[in-house]
Amino acid sequence: MHHQASCHCGQNRFTFDGDIAEVLACNCSICRRRGSLLWFTPRENLKLQTPEEASRSYTFHKHVIRHRFCPTCGIHLYGEGASPQGVPMAAINVRCVEGIDLDAIPVRHFDGRAL
């Protein structure tokens with residue numbers, strides 16, 4: 001399935017393909033505060049529709065995940081990191097995805113606070 005996503009103001013837009021069968025809710029210090037629901041895909045599957053410079057990134061702790069957000073409206077779009085096997089990955093905030101029923105998607109809880 002093809003998906004379109006954007007921040008609130010529309011300054012950042014991207015598309016990706018995949019079946020969002022489950023999302024992850026993390027309780028680490030940043031995820032707990034922003035309330036994202038995350039779906040993971042190889043980074044090459046995420047296609048920016050706006051220049052990368054339209055977003056900003058934030059890192060903390062071990063500085064291995066780039067948390068991408070819109071500098072205008074503040075919405076968290078996705079995170080960029082790598083799988084344990086070293087594959088570049090994107091953790092997409094599905095709350096930014098257009099036309100999906102969030103209540104119909106099962107949520108898996110992850111104890112990121114314990115890391």
Side-chain angles (χ1 to χ4, degrees):
M1 182 170 221
H2 187 71
H3 298 282
Q4 295 182 350
S6 69
C7 63
H8 187 258
C9 72
Q11 181 174 317
N12 290 273
R13 295 182 311 280
F14 59 93
T15 62
F16 62 96
D17 293 315
D19 178 24
I20 303 174
E22 178 183 75
V23 293
L24 183 135
C26 178
N27 67 354
C28 77
S29 62
I30 195 167
C31 290
R32 181 172 49 90
R33 285 172 172 82
R34 71 174 175 229
S36 298
L37 293 174
L38 303 171
W39 183 75
F40 294 82
T41 189
R43 175 60 181 86
E44 66 187 16
N45 187 31
L46 189 149
K47 307 294 184 204
L48 298 178
Q49 304 300 302
T50 51
E52 185 173 8
E53 297 78 31
S55 69
R56 299 293 181 270
S57 66
Y58 174 73
T59 62
F60 70 104
H61 191 47
K62 296 179 183 177
H63 299 274
V64 295
I65 300 172
R66 291 178 36 198
H67 301 270
R68 305 295 294 191
F69 67 95
C70 176
T72 301
C73 65
I75 296 297
H76 171 258
L77 303 157
Y78 57 92
E80 294 176 301
S83 72
Q85 297 77 25
V87 177
M89 297 293 291
I92 295 170
N93 178 6
V94 297
R95 293 186 183 278
C96 296
V97 179
E98 299 170 15
I100 62 171
D101 180 4
L102 291 175
D103 292 331
I105 303 172
V107 177
R108 182 170 54 96
H109 295 273
F110 177 75
D111 189 9
R113 185 174 43 198
L115 297 178

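Along the sequence shown, the residues carry numbers beginning at 1. Any value given below was found using the heavy atoms of this structure, including those in side chains, with hydrogens, waters and symmetry copies removed. All values derive from a computational prediction rather than experimental measurement.
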| request: Please report the shortest heavy-atom distance between C70 and C9, naming the atom on each side. | output: SG-SG, 3.7 Å
| query | Quick one: do I100 and W39 end up in the same hydrophobic cluster if we chain Ile, Leu, Val, Met, Phe, Trp and Tyr together by side-chain heavy atoms under 4.5 Å apart? | reply | yes
| task | Please check if any side-chain donor atom of R68 sits under 3.5 Å from a side-chain acceptor atom of S55, or the reverse. | result | yes
| remark: When rounded to the nearest 0.5 Å, the distance separating CG of N45 from CE of M89 is 9.5 Å
| Between CD1 on residue I65 and OG on residue S57, distance to nearest 0.5 Å | 12.5 Å
| query | Which atom names give the shortest non-hydrogen contact between S36 and H76, and what distance separates them? | reply | OG-ND1, 3.2 Å
| task | Might you point out which heavy atoms bring D17 and H2 nearest each other, and give the distance in Å? | result | OD1-ND1, 2.7 Å
| field | Closest non-hydrogen atom pair, I75 against C7 | value | CB-CB, 4.0 Å
| task | Determine whether V107 and L24 make a side-chain contact, defined as any pair of heavy atoms from C-beta on separated by less than 4.5 Å. | result | no
| said: Tell me if the CD atom of E44 is crowded by more than 12 foreign heavy atoms within 6.0 Å. | reply: no
| task | Look at the side-chain heavy atoms of Ile, Leu, Val, Met, Phe, Trp and Tyr, link any pair under 4.5 Å apart, and say whether L48 and L77 land in one connected group. | result | yes
| query | Looking at H3 versus F16, is the centre-to-centre ring distance below 6.0 Å? | reply | yes
| query | Y78 vs F14 aromatic rings, parallel, tilted or perpendicular, using cut-offs 30° and 60°? | reply | perpendicular
| task | Would you name the heavy atoms of R56 and P71 that are closest together and state the gap between them? | result | CG-CB, 3.7 Å
| said: With rounding to the nearest 0.5 angstrom, report the CZ to CG distance, R32 to N27. | reply: 7.5 Å
| note | Closest non-hydrogen contact found for S29 with F60 is OG-CE1, 3.6 Å
| query | Is F110 linked to L38 within one hydrophobic cluster, defined over Ile, Leu, Val, Met, Phe, Trp and Tyr using a side-chain heavy-atom separation of less than 4.5 Å? | reply | yes
| said: Is there a side-chain contact between R34 and H67 in this structure, where contact means two heavy atoms from C-beta onward sitting under 4.5 Å apart? | reply: yes
| query | F40 and V23: same hydrophobic cluster, using ILVMFWY side-chain contacts below 4.5 Å? | reply | no
| field | Residues which pass salt bridge (charged side-chain N to carboxylate O under 4.0 Å, His left out) with E98, listed by chain and number, not counting sequence neighbours | value | none
| task | Look up atom CD in E80 and atom CZ in R66, then write down how far apart they are to the nearest 0.5 Å. | result | 4.5 Å
| note | So CG of L46 and OG1 of T15: to nearest 0.5 Å the spacing works out to 7.5 Å
| request: Look only at the side chain of E22 and the backbone of R108, and say whether a donor-acceptor pair between them is shorter than 3.5 Å. | output: no
| Are I92 and L102 co-members of a hydrophobic cluster defined by side-chain heavy atoms under 4.5 Å apart? | yes
| request: Any chance you could measure Y58, atom OH, to H63, atom NE2, to the nearest 0.5 Å? | output: 8.0 Å
